[in-house]
Amino acid sequence: MNNLQGQVQSEIDRLVESGTERGIQVAAYHRGELVVEAVSGVADPATGRKVTADTPFYNYSVGKAAASTIAHMFVERGLFGYDTAVMEVWPEFGAHGKEKVTVRHVLSHTAGVPGIPLDTTMEDLCDWDKMCAAIADEELWWEPGTKIGYHAYTFGYIVGEIVRRAIGKRISQVLIEEVSGPLGAANELYFGMPLGEQHRLAKLEDAPMDPAAMAAMSSMPPDLPMFKAAPMSLMPTANLGNRADILAADIPAGGKMSARAIARMYAALLGEVDGVRLISPKTLKEATAVAMSGPDAVFGMPTTWGLGYAIGGLGSPSDPQNATTFGVGGAGGSFACGNTATGIAVAVTKNMLTQDFSTSSKLIDLVTAALAPVR
């Protein structure tokens, strides 16, 4: 195992020294035990502050998995079911024909409510009630359950408002009370992060845009669904993700976390971690079974989702080795996942926002090959 720690450390040191990455963390659990905890590089180039194991990173959609986990915990407790209509707990959501949207549809990105108003501002994103009212007033893009399309921003608000209506608490408070607190990671896994804690965060920076990617982006037709789902000004960039108001707000489509905290959460979904297990094996099986697969109706690529977690990791879900991997990646290239067959939970968090997942893919493959070699 220590050999694996050394291999991962060498690889991330190389990535930082080459300038590919600025600051990075890797953490892995195997059957409930922490087996890798490696860090390299700087959290804040302006001050030279180094990344440590407890440095939180704003990893955008990696945090969706924490919102999903809370939903599963509350389904287990009987507060609502997967097939409960959202409007049963949040009546206003049923407007404009959305009365058939269920919790299952929301978790599997098949609800048909992927868009936020195109005049939404950064300040609006921080206003919970305003965002929930706007989403409740949205019209369906498709009949719930008939198509799959990534609900980039709306996922977090819808799951968060279901939770708030069901138990009367904000999802950021629930995360600390039910997930990060019991796991001993309350200061390393957040939705809204208090202003007084933000000095610990890694500063995000945008990687230089690859000329081919820039050309591809500029040649995209302006009427693509992805451009109708959110204004371009709210694309997940370093400018957005370094703002104190965005970091402090509850925007559970994303989260702030260390690699070891989110890896620990996945480990506690797979089994026990220091006496804590978040959901039962039965719930885990339902959550990680394929709910829907197909072309993404918003972003266009092939996609496969369980209930709140994408299936297949960074490979093809049709590959048997990947079929048991469930997790969520974030804009900028961070990724975290668990594997129900191998018992591995692994996370890669980084502050250089790249256009692909090559760093995460390489590191997760390295960990997987060492801990669960193909027989």
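Please read these numbers as outputs of a predicted model, since none were measured by experiment.
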task = List the steps, then state whether side chain to side chain contact (heavy atoms under 4.5 Å, CB included) holds for Phe335 with Asn59.
result = CA-CA 8 Å; Phe335 201 87; Asn59 283 134; over 6 Å; no
request  = Establish whether Val89 and Val113 are linked, either directly or via other cluster members, by ILVMFWY side-chain heavy-atom contacts under 4.5 Å.
outcome  = yes
message = Hydrophobic cluster membership, with links at side-chain heavy-atom distances under 4.5 Å among I/L/V/M/F/W/Y: are Trp305 and Ile158 in one?
response = yes
inquiry  = With a 4.5 Å cut-off on side-chain heavy atoms, are Val174 and Arg170 touching?
reply    = no
query = At their closest point, which heavy atom of Thr154 faces which heavy atom of Gly115, and how far apart are they?
reply = CG2-O, 3.4 Å
inquiry  = Keeping Thr102 on the side-chain end and Asp83 on the backbone end, is there a donor-acceptor pair under 3.5 Å?
reply    = no
request  = Identify the residue among Trp128, Phe191, Phe93 that makes a ring-ring contact (aromatic ring centres under 6.0 Å, His included) with Tyr157.
outcome  = Trp128
ask   = Does CD in Glu123 sit with more than 12 non-hydrogen atoms of other residues, nucleotides or ligands closer than 6.0 Å?
value = yes
message = Is it the case that the side chain of Gln9 and the backbone of Val39 share a donor-acceptor pair, with hydrogens and angles ignored and the cut-off at 3.5 Å?
response = yes
message = Between Val42 and Val51, is the side chain to side chain contact (heavy atoms under 4.5 Å, CB included) condition met? List the steps.
response = CA-CA 5 Å; Val42 291; Val51 174; 5.7 Å; no
ask   = Regarding Ser358 and Ser361, is there a side-chain donor-to-acceptor distance under 3.5 Å anywhere?
value = no
key: Side-chain donor-acceptor contact under 3.5 Å, Gln173 with Glu177   = yes
Donor-acceptor contact present, side-chain Lys147 to main-chain Ala111, <3.5 Å = no
ask   = Rounded to the nearest 0.5 Å, how far apart are OG of Ser258 and CG of Leu201?
value = 11.0 Å
message = Is it the case that the side chain of Arg31 and the backbone of Thr342 share a donor-acceptor pair, with hydrogens and angles ignored and the cut-off at 3.5 Å?
response = yes
request  = Nearest 0.5 Å please: distance from the CD1 atom of Ile279 over to the CG atom of Leu284.
outcome  = 5.0 Å
query = Nearest 0.5 Å, what's the OG1-CZ distance between Thr110 and Arg104?
reply = 9.5 Å
Check against salt bridge (Lys or Arg N to Asp or Glu O under 4.0 Å), Glu197 and Arg200 = CA-CA 6 Å; Glu197 297 291 323; Arg200 299 190 293 115; 3.0 Å; yes
note = Taken to the nearest 0.5 Å, the spacing of Leu4 CG from Leu366 CG works out to 6.0 Å
task = Work out which heavy atom in Gly181 is nearest to a heavy atom in Ala186; give both atom names and the distance.
result = CA-CB, 4.1 Å
ask   = Hey, are the side chains of Met73 and Leu278 touching, using non-hydrogen atoms and a 4.5 Å cut-off?
value = yes
task = Look only at the side chain of Lys169 and the backbone of Val163, and say whether a donor-acceptor pair between them is shorter than 3.5 Å.
result = no
query = Any idea which heavy atoms bring Val36 and Gln5 closest together, and the distance?
reply = CA-OE1, 3.4 Å
inquiry  = Testing the basics here: between Ser108 and Ala291, what is the closest heavy-atom pair and its distance to 0.1 Å?
reply    = CB-CB, 3.7 Å
query = Taking the six-membered ring for Trp, are Tyr153 and Phe155 ring centroids under 6.0 Å apart?
reply = no
query = So which of Val103, Leu107, Ile167 actually passes side-chain contact (heavy atoms from CB on, under 4.5 Å) with Ile162?
reply = Val103
ask   = Is the side chain of His199 donor-acceptor paired with the backbone N or O of Gly196 at a distance under 3.5 Å, no angle test?
value = yes
Under 3.5 Å: donor-acceptor pair, side chain of Thr69, backbone of Ala65 = yes
Spacing of Asp127 atom CG and Met122 atom CE [to the nearest 0.5 Å] = 16.0 Å
request  = Check whether any side-chain heavy atom of Ser280 lies under 4.5 Å from a side-chain heavy atom of Thr283, and answer yes or no.
outcome  = yes
message = Are Met131 and Met87 connected into the same hydrophobic cluster when the rule is that any two of I, L, V, M, F, W, Y join if their side-chain heavy atoms are below 4.5 Å apart?
response = no
query = Under the side-chain contact (heavy atoms from CB on, under 4.5 Å) test, which residues partner Cys126, sequence neighbours left out?
reply = Asp245, Ile246, Ala249
ask   = When you check the side-chain N and O atoms of Ser40 and Asp13, is any donor under 3.5 Å from an acceptor?
value = yes
key: Heavy-atom check, side chain of Ile24 versus side chain of Thr349, under 4.5 Å   = no
Worked check of side chain to side chain contact (heavy atoms under 4.5 Å, CB included) between Asn351 and Glu21 = CA-CA 8 Å; Asn351 55 354; Glu21 301 296 344; 5.9 Å; no
ask   = Would a 4.5 Å heavy-atom cut-off, applied to side chains only, mark Arg22 and Glu205 as touching?
value = yes
task = Please list, chain by chain and in numerical order, all residues satisfying side chain to side chain donor-acceptor pair (under 3.5 Å) with Glu92, sequence neighbours excluded.
result = Arg165
inquiry  = Measuring centre to centre across the rings, with the benzene-like ring taken for any Trp, is Tyr309 within less than 6.0 Å of His72?
reply    = yes
request  = Answer yes when Arg14 and Glu11 have at least one side-chain N-carboxylate O distance shorter than 4.0 Å, and no when they do not.
outcome  = yes
request  = With Lys256 as the cation and Tyr190 as the aromatic partner, state whether NZ or CZ is under 6.0 Å from the six-membered ring centre and within 45° of the axis.
outcome  = no
inquiry  = Do Phe326 and Leu307 have side chains that approach each other closer than 4.5 Å (heavy atoms only, starting at C-beta)?
reply    = no
Derivation and outcome, salt bridge (Lys or Arg N to Asp or Glu O under 4.0 Å), residues Glu37 and Arg260 = CA-CA 7 Å; Glu37 183 180 278; Arg260 68 181 185 185; 3.3 Å; yes
key: Leu234 vs Thr121 side-chain heavy atoms within contact, under 4.5 Å   = no
query = Quick one: are Phe80 and Phe74 in side-chain contact, heavy atoms under 4.5 Å?
reply = yes
Check: Ser180/Glu188 side-chain N/O donor and acceptor closer than 3.5 Å = no
query = Going hydrophobic residue to hydrophobic residue with side-chain gaps under 4.5 angstrom, can you get from Ile116 over to Leu118?
reply = no
task = Quick one: list whatever passes salt bridge (charged side-chain N to carboxylate O under 4.0 Å, His left out) with Lys130, sequence neighbours left out.
result = Asp124
query = So, for Gly192 and Ser172, which heavy atoms are closest and what is the spacing to 0.1 Å?
reply = N-CB, 4.0 Å
inquiry  = Determine whether a donor-acceptor pair (N or O, by modelled atom type, separation under 3.5 Å) exists between the side chain of Ser360 and the backbone of Gly333.
reply    = yes
task = Evaluate the side chain to side chain contact (heavy atoms under 4.5 Å, CB included) criterion for residues Thr324 and Thr340: first the C-alpha distance (whole Å), next the side-chain angles of each, then the deciding distance (0.1 Å), finally the verdict.
result = CA-CA 5 Å; Thr324 50; Thr340 53; 3.4 Å; yes
message = So, taking the atom named CD1 in Ile311 and the one named CE in Met292, what distance separates them when rounded to the nearest 0.5 Å?
response = 14.5 Å
key: Side-chain H-bond candidate by donor/acceptor type, Asp206 with Thr237, under 3.5 Å   = no
request  = Compute whether any side-chain donor of one residue and acceptor of the other, for Ser61 and Tyr150, lie under 3.5 angstrom apart.
outcome  = yes
Minimum heavy-atom distance between Ile251 and Leu125, given as atom pair plus value = CG1-O, 3.6 Å
task = Indicate, with yes or no, if Ile176 and Leu195 share a hydrophobic cluster defined by side-chain heavy-atom contacts under 4.5 Å among Ile, Leu, Val, Met, Phe, Trp and Tyr.
result = no
